[in-house]
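The structure appears right after this line, and notes come after that.
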Amino acid sequence: VLALGHSTPELTKFILRHQAKNGGFSWDAGVEPDSNDTAAALEALRVAHVTGKPIARAVTALLSYETKSGGFELTHGRGADAQSTAWAIQGLVAAGRTPPRKSFAYLAKLRQPDGSYRYSARYATTPVWVTSQVLAALARKAFPLVGRS
């Protein structure tokens with residue numbers, strides 16, 4: 001859905017059928033929801049023009065992954081990271097919500113002198129991938145970045 005910029009009614013129904021009881025989404029049936037997949041589902045549902053209760057439930061689930069630092073963690077207890085924070089910002093934007101200011105402050109702390117972003121305070125892995133995700137979030141843009149505004 002995010003790559004194509006559109007969804008069929010069947011695909012939209014498929015996504016909605018896989019919303020967990022807590023409102024989140026996961027990468028596979030029977031797997032606990034996580035922040036990244038919940039945010040990506042919010043972006044996909046935006047493309048599909050879904051509104052109402054499924055979006056509100058997903059937003060509530062997504063916000064449960066915010067840490068005191070303002071960053072978001074992939075799963076509860078894992079600790080915040082730049083990519084999960086970026087996904088969360090993008091998911092909230094897709095849902096028409098204003099992302100928390102602290103999330104942007106968290107990302108700013110991970111910025112390196114060369115302009116790249118660390119994955120987390122502990123790790124500096126995959127800087128190109130992390131930075132590309134963070135830049136889209138800092139621009140307050142949800143996926144897909146082209147097509148629908």
Side-chain angles (χ1 to χ4, degrees), residues 1-67 70-76 78-101 103-104 106-108 110-112 114-120 123-149:
V1 173
L2 298 181
L4 298 174
H6 72 276
S7 182
T8 65
E10 295 81 17
L11 183 52
T12 301
K13 288 177 189 174
F14 176 86
I15 295 168
L16 289 170
R17 273 196 315 268
H18 287 86
Q19 188 169 26
K21 289 180 182 178
N22 73 354
F25 291 86
S26 69
W27 58 273
D28 196 10
V31 176
E32 285 294 314
D34 63 70
S35 64
N36 296 10
D37 290 297
T38 300
L42 279 166
E43 293 176 276
L45 293 172
R46 174 180 165 261
V47 169
H49 308 285
V50 173
T51 59
K53 193 171 182 177
I55 303 302
R57 291 179 61 233
V59 166
T60 298
L62 182 58
L63 289 172
S64 76
Y65 295 97
E66 185 180 6
T67 67
F72 283 74
E73 53 192 355
L74 175 64
T75 57
H76 295 291
R78 181 179 167 128
D81 67 78
Q83 284 182 298
S84 297
T85 303
W87 272 114
I89 289 169
Q90 290 177 282
L92 292 169
V93 167
R97 297 282 298 268
T98 301
R101 282 188 193 170
S103 298
F104 295 100
Y106 171 80
L107 292 175
L110 297 178
R111 188 164 193 254
Q112 300 298 288
D114 67 359
S116 68
Y117 287 82
R118 294 179 61 88
Y119 175 77
S120 68
Y123 302 107
T125 60
T126 63
V128 173
W129 184 19
V130 172
T131 300
S132 67
Q133 185 77 41
V134 168
L135 292 177
L138 292 178
R140 291 176 169 80
K141 300 286 184 186
F143 289 135
L145 297 178
V146 296
R148 186 184 158 151
S149 58

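Reckoned from all heavy atoms, side chains included, excluding hydrogens, waters and symmetry mates.
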Student check: side-chain heavy atoms of F143 and R46 closer than 4.5 Å: no

Determine which pairs satisfy side chain to side chain donor-acceptor pair (under 3.5 Å) with at least one residue from residues 13-23, sequence neighbours left out, and list them in order. Q19-R57

Check: R78 main-chain N/O paired with T75 side-chain donor or acceptor under 3.5 Å: no

Heavy-atom check, side chain of W87 versus side chain of L62, under 4.5 Å: no

Counting only heavy atoms from other residues, nucleotides and ligands, does the tally under 6.0 Å from CD of Q112 exceed 12? yes

Do L45 and L16 come within less than 4.5 Å of each other through their side chains, counting heavy atoms only? yes

Which atom pair, heavy atoms only, marks the closest approach of V59 to A95? CG2-CB, 3.5 Å

Is the closest side-chain heavy-atom distance between V130 and Y123 below 4.5 Å? no

Closest approach of G24 to P33 (non-hydrogen atoms, all atoms of both residues): C-CB, 3.7 Å

What are the two closest heavy atoms between S103 and G70, and how far apart are they? OG-O, 2.8 Å

Would you indicate whether the side-chain heavy atoms of I89 and L107 approach each other to under 4.5 Å? yes

I55 side chain near L42 side chain, heavy-atom distance below 4.5 Å: yes

Is V50 close to I15 at the side-chain level, that is, under 4.5 Å between some pair of heavy atoms? no

Search all heavy atoms of S26 against all heavy atoms of D28 and return the closest pair with its distance. OG-O, 2.7 Å

Below 4.5 Å, heavy atoms only, C-beta onward: do F72 and L63 meet side chain to side chain? yes

Hey, could you give me the CZ/OG1 distance between F104 and T85, rounded to the nearest 0.5 Å? 10.5 Å

Does Y106 use its side chain to pair, donor to acceptor, with the backbone of A80 at less than 3.5 Å? yes

I'd like to know if the side chain of E73 reaches the main chain of D81, judged simply by a donor and an acceptor atom lying under 3.5 Å from each other, with no hydrogens or angles considered. no

side-chain hydrogen bond (donor to acceptor under 3.5 Å, both in side chains) filter on D114, not counting sequence neighbours, yields S116

Over all atoms of both residues, closest heavy-atom pair of D34 and N36: OD1-N, 3.0 Å

I'd like to check the side-chain hydrogen bond (donor to acceptor under 3.5 Å, both in side chains) partners of S7; sequence neighbours left out, ordered by chain and number. T12

